[in-house]
Novice: 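Below is the structure I would like to discuss, written out as structure tokens.
Each residue takes its place number in the sequence, starting with 1. Computed from a prediction, not measured in an experiment: that's the story for all the values here. Side chains included, hydrogens not; waters and symmetry mates left out as well; all remaining heavy atoms used. Counting starts at 1 for both ligands and their atoms, in listed order.
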Amino acid sequence: MEETQKQGMLYLCATPIGNLSDITGRVLETLRNVDIIAAEDTRNSIKLLNHYQIKVPLTSYHEYNKYDKARELVDRMQNGASVALVTDAGTPSISDPGEVLTNMCHDAGIKVTSLPGPCALITALSLSGFSARRFVFEGFLPSDGKTRREVIGDLMNETRTTIIYEAPHHLKGTLFELYENIGDRNIAICRELTKKFEEVKRMRLLEAVEYYNEHEPKGEFVLILEGRSRRTIKEEQEKDWADTDINEHMKLYEEMGYDRMEAMKKVAADRGVSKRDVYRDLIKKDSVQEQ
Ligand code: SAM
């Protein structure tokens, strides 16, 4: 029952990403007791609610009404209603419109709580076997060409494990784009998590491109890219510097205002050699030029 005096609150409820049993007791209890359930796709959520015999009024809250509907829901919460938000699958706000409603509630001073549960990115990361000590979640890569190129460009030297969501009809294109721009890398392709045909394929990016050229992607996917090792990046940078003329390299720092000794120190660090090596190379170059 909606109360007019008391302020309501928002419950962010994580729901299954495939297997209907993956729902917490707390989420079920909350869904049974709130005044309204706001659902991203009411047809989808009805299946879940029917399965657990939950009969609470549903209202739709999705990408295309997220601002107007959030204002309406905030208004109802200010008038005492308790609202549960469930999105299509998984944890609200993770690559879905939940964040708008959550943000508006905070701004309006409405209490928000999150009931943890399934989330595709965490499920895939734990399954991948790649380092989960430091990771970055990209969600869906941007569709706008320039921003997309920038984001993919940044992945080139990303040392953290990277998690990407992708739709099946874009998978082949994205794998190819990643391979073309960041080179070959270990990837774990996690498909249909928690469902009957769940699978994780760990391979090189090039192998993945070849595999999906032969096999049409079906189902839902999370891509986990292994981060680049710092050592490889450093070795490549050192190699690039080693190919640069040592006098040009020195000039670069001297023109920045470093004195000769400081410039030598910087050049030595860039090339991964000692200051004495830099000094020796400079002398060698000078004597060759004098001859
Ligand atoms: N809020 C959700 C969560 O907590 O993970 C994500 C919603 S986002 C709109 C949907 C994307 O999540 C899919 O395109 C897919 O990349 C990923 N996803 C969701 N369920 C999945 C599953 N069972 N297996 C693999 N990926 C899944």
Novice: Less than 4.5 Å apart, side chain to side chain, heavy atoms only: is that true for Ile17 and Asp22?
Specialist: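 No; the side chains remain at least 4.5 Å from each other.
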Novice: Under 4.0 Å between a Lys/Arg side-chain N and an Asp/Glu carboxylate O for Asp243 and Lys239?
Specialist: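 Looking at Asp243 and Lys239, the cut-off is met.
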Novice: Tell me which donor-acceptor pairs under 3.5 Å the side chains of residues 180-189 have, and how far apart each pair is, sequence neighbours excluded?
Specialist:
from   : atom 1 : to     : atom 2 : distance (Å)
Asn181 : ND2    : Glu177 : O      : 2.7
Asp184 : OD1    : Leu205 : N      : 3.0
Asp184 : OD1    : Leu206 : N      : 2.9
Arg185 : NH1    : Glu226 : O      : 2.8
Arg185 : NH2    : Leu155 : O      : 3.1
Arg185 : NH2    : Met156 : O      : 3.2
Asn186 : OD1    : Arg204 : NH1    : 3.0
Asn186 : ND2    : Glu226 : OE1    : 2.7

Novice: Indicate yes or no: at least one non-hydrogen side-chain atom of Thr91 is less than 4.5 angstrom from one of Ile94.
Specialist: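 Side-chain contact under 4.5 Å: yes.
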Novice: Are the aromatic ring centres of Tyr165 and Phe137 under 6.0 angstrom apart?
Specialist: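 They qualify: ring centres under 6.0 Å apart.
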Novice: Identify whether the distance between the nearest side-chain nitrogen and carboxylate oxygen of Glu63 and Lys66 falls below 4.0 Å.
Specialist: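 Looking at Glu63 and Lys66, the cut-off is met.
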Novice: When you check ligand 1 against the protein, what N or O pairs turn up below 3.5 Å? List the atom names and distances, or just say none.
Specialist:
from     : atom 1 : to     : atom 2 : distance (Å)
ligand 1 : 1 (N)  : Ala89  : O      : 3.1
ligand 1 : 1 (N)  : Thr91  : O      : 3.1
ligand 1 : 1 (N)  : Ile94  : O      : 2.9
ligand 1 : 1 (N)  : Asp96  : OD2    : 3.1
ligand 1 : 4 (O)  : Thr91  : N      : 2.8
ligand 1 : 5 (O)  : Ala120 : N      : 2.9
ligand 1 : 5 (O)  : Tyr165 : OH     : 2.6
ligand 1 : 16 (O) : Glu166 : N      : 3.4
ligand 1 : 16 (O) : Phe221 : O      : 2.6
ligand 1 : 20 (N) : Glu220 : OE1    : 3.4
ligand 1 : 23 (N) : Ile17  : O      : 2.8
ligand 1 : 23 (N) : Leu193 : N      : 3.4
ligand 1 : 23 (N) : Leu193 : O      : 3.0
ligand 1 : 24 (N) : Leu193 : N      : 2.9

